[in-house]
Amino acid sequence: MSEHTPYERHDDRLNADVLWDSSYDMPDMKGVEFDRRAERLPGLYPAKVREHVRARLADAGRVGDDQHPYDAAILHVWELYRIEATGHDAHIPGLNAWVSADGLANTIVEGESDLSRVASMAAKAGWPVVRVWMRGEEDPIPYRFLLLRTRA
């Protein structure tokens with residue numbers, strides 16, 4: 001019997017149990033909805049990030065009347081990050097983490113890497129789930145997020 005729920009999987013590359021991954025669990029979105037949301041989002045970010053957001057969302061593609069799923073996922077990640085990027089200390093020793101408005105522990109990592117240490121540290125601090133935001137070294141905001149199930 002599997003120790004995973006039907007909605008989670010183990011990612012061997014990240015060495016973590018993934019409940020949600022914005023790069024795999026991409027939203028369906030009509031192009032007109034994407035345009036409406038993409039037009040408003042840059043104005044919600046600080047000036048130093050605004051042009052990056054505007055330029056990336058303007059470079060989006062369509063599949064018929066639908067937005068390309070990857071572009072819709074980026075929009076979703078950036079909308080969520082705008083809401084959940086701040087909070088109070090999550091008290092996870094050795095990890096720069098915060099508790100966002102939705103009550104989840106969050107941390108940011110640079111690019112794709114082994115996330116078993118992050119999951120283990122969160123578990124030891126009592127967090128059953130941790131949200132991990134991924135960004136590149138040059139990226140001002142994350143391009144991906146994952147919800148990880150933690151185990152001590």
Side-chain angles (χ1 to χ4, degrees), residues 3-5 7-29 34-35 37-61 63 67-152:
E3 59 186 50
H4 296 114
T5 70
Y7 305 103
E8 71 183 290
R9 63 184 173 75
H10 184 80
D11 187 311
D12 292 328
R13 196 175 71 237
L14 299 174
N15 196 22
D17 292 326
V18 178
L19 296 166
W20 182 269
D21 181 344
S22 66
S23 289
Y24 290 93
D25 306 303
M26 296 185 191
D28 293 327
M29 188 180 298
F34 178 89
D35 292 343
R37 290 164 57 180
E39 182 180 332
R40 290 182 175 96
L41 185 62
L44 299 175
Y45 270 99
K48 65 182 181 181
V49 177
R50 195 171 297 144
E51 192 50 41
H52 173 81
V53 172
R54 184 176 288 117
R56 171 58 185 88
L57 295 177
D59 191 33
V63 180
Q67 192 62 40
H68 189 282
Y70 184 75
D71 296 323
I74 288 290
L75 177 65
H76 174 71
V77 167
W78 288 352
E79 286 173 330
L80 188 62
Y81 186 70
R82 175 63 181 89
I83 296 167
E84 308 297 353
T86 60
H88 61 276
D89 189 353
H91 302 289
I92 301 174
L95 191 62
N96 182 10
W98 70 95
V99 179
S100 56
D102 62 3
L104 289 176
N106 294 258
T107 192
I108 296 179
V109 298
E110 301 272 334
E112 297 182 19
S113 59
D114 184 331
L115 298 177
S116 61
R117 182 178 156 275
V118 170
S120 177
M121 294 168 80
K124 288 176 184 170
W127 292 97
V129 174
V130 63
R131 182 185 291 125
V132 177
W133 299 94
M134 291 183 170
R135 73 171 174 221
E137 291 179 25
E138 303 296 319
D139 294 329
I141 55 177
Y143 60 84
R144 178 181 181 187
F145 79 87
L146 302 104
L147 295 178
L148 303 182
R149 180 157 57 121
T150 67
R151 300 176 207 281

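- Here the shortest heavy-atom pairing between Pro140 and Val49 reads CB-CG2, 4.1 Å.
- Heavy-atom minimum distance, Glu110 versus Glu137: OE1-CA, 3.1 Å.
- Residues satisfying the side chain to side chain contact (heavy atoms under 4.5 Å, CB included) test with Leu44, not counting sequence neighbours, are Leu41, Arg82.
- Partners of His91 under the ring-ring contact (aromatic ring centres under 6.0 Å, His included) rule, at least two apart in sequence or in another chain, do not exist in this structure.
- Closest of all the heavy-atom pairs between Asp21 and Ser23 is OD1-N, 2.8 Å.
- Separation of atoms CG (Leu148) and OG (Ser116) is listed at 10.0 Å; rounding is to 0.5 Å.
- Listed here is the closest heavy atom pair of Pro142 and Val77: O-CG1, 3.9 Å.
- The salt bridge (charged side-chain N to carboxylate O under 4.0 Å, His left out) check on Glu138 picks up nothing, with sequence neighbours excluded.
- Within 6.0 Å of atom CG in Asp89, more than 12 heavy atoms from other residues, nucleotides or ligands are found, so the atom counts as buried in its surroundings.
- Atoms CD and CZ, from Glu39 and Arg54 in turn, are 9.5 Å apart once rounded to the nearest 0.5 Å.
- Atoms OH and CH2, from Tyr143 and Trp78 in turn, are 12.5 Å apart once rounded to the nearest 0.5 Å.
- Residues Trp127 and Leu104 form no side-chain contact, since every pair of their non-hydrogen atoms from C-beta on lies 4.5 Å or further apart.
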- Task: List the steps, then state whether side-chain contact (heavy atoms from CB on, under 4.5 Å) holds for Trp98 with Ile108.
- Result: CA-CA 10 Å; Trp98 70 95; Ile108 296 179; 3.7 Å; yes
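- Residues Leu146 and Leu14 have side chains in contact (heavy-atom distance under 4.5 Å, counting atoms from C-beta outward).
- Between the side chains of Trp133 and Asn106, a donor-acceptor pair is found at a separation under 3.5 Å.
- Using a 4.5 Å cut-off on side-chain heavy atoms (C-beta onward), Asn15 and His10 make contact.
- Annotation for Gly94 and Arg117: closest pair O-NH2, 3.6 Å, computed over non-hydrogen atoms.
- Checked against side chain to side chain contact (heavy atoms under 4.5 Å, CB included), Val109 has the following partners two or more places apart in sequence or in another chain: Leu115, Val118, Val132, Met134.
- The distance from the NE2 atom of His52 to the CG atom of Leu57 is 8.5 Å, given to the nearest 0.5 Å.
- Put simply, the side chain of Thr150 never gets that close to the backbone of Ser120: no donor and acceptor are under 3.5 Å apart.
- Remark: Arg131 CZ to Thr107 OG1 distance equals 12.0 Å, nearest 0.5 Å.
- Asp11 is linked by a side-chain hydrogen bond (donor to acceptor under 3.5 Å, both in side chains) to Arg9, counting only residues two or more places apart in sequence or in another chain.
- Between the CD atom of Glu84 and the OH atom of Tyr81 there is a distance of 11.0 Å, given to the nearest 0.5 Å.
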- Task: Show your reasoning for whether side-chain contact (heavy atoms from CB on, under 4.5 Å) applies to His76 and Met26.
- Result: CA-CA 9 Å; His76 174 71; Met26 296 185 191; over 6 Å; no
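- Within the 4.5 Å cutoff, no side-chain heavy atoms of Ile141 are placed close to those of Arg135.
- Contacts of Glu112 classified as salt bridge (charged side-chain N to carboxylate O under 4.0 Å, His left out), with partners at least two apart in sequence or in another chain: Arg13, Arg144.
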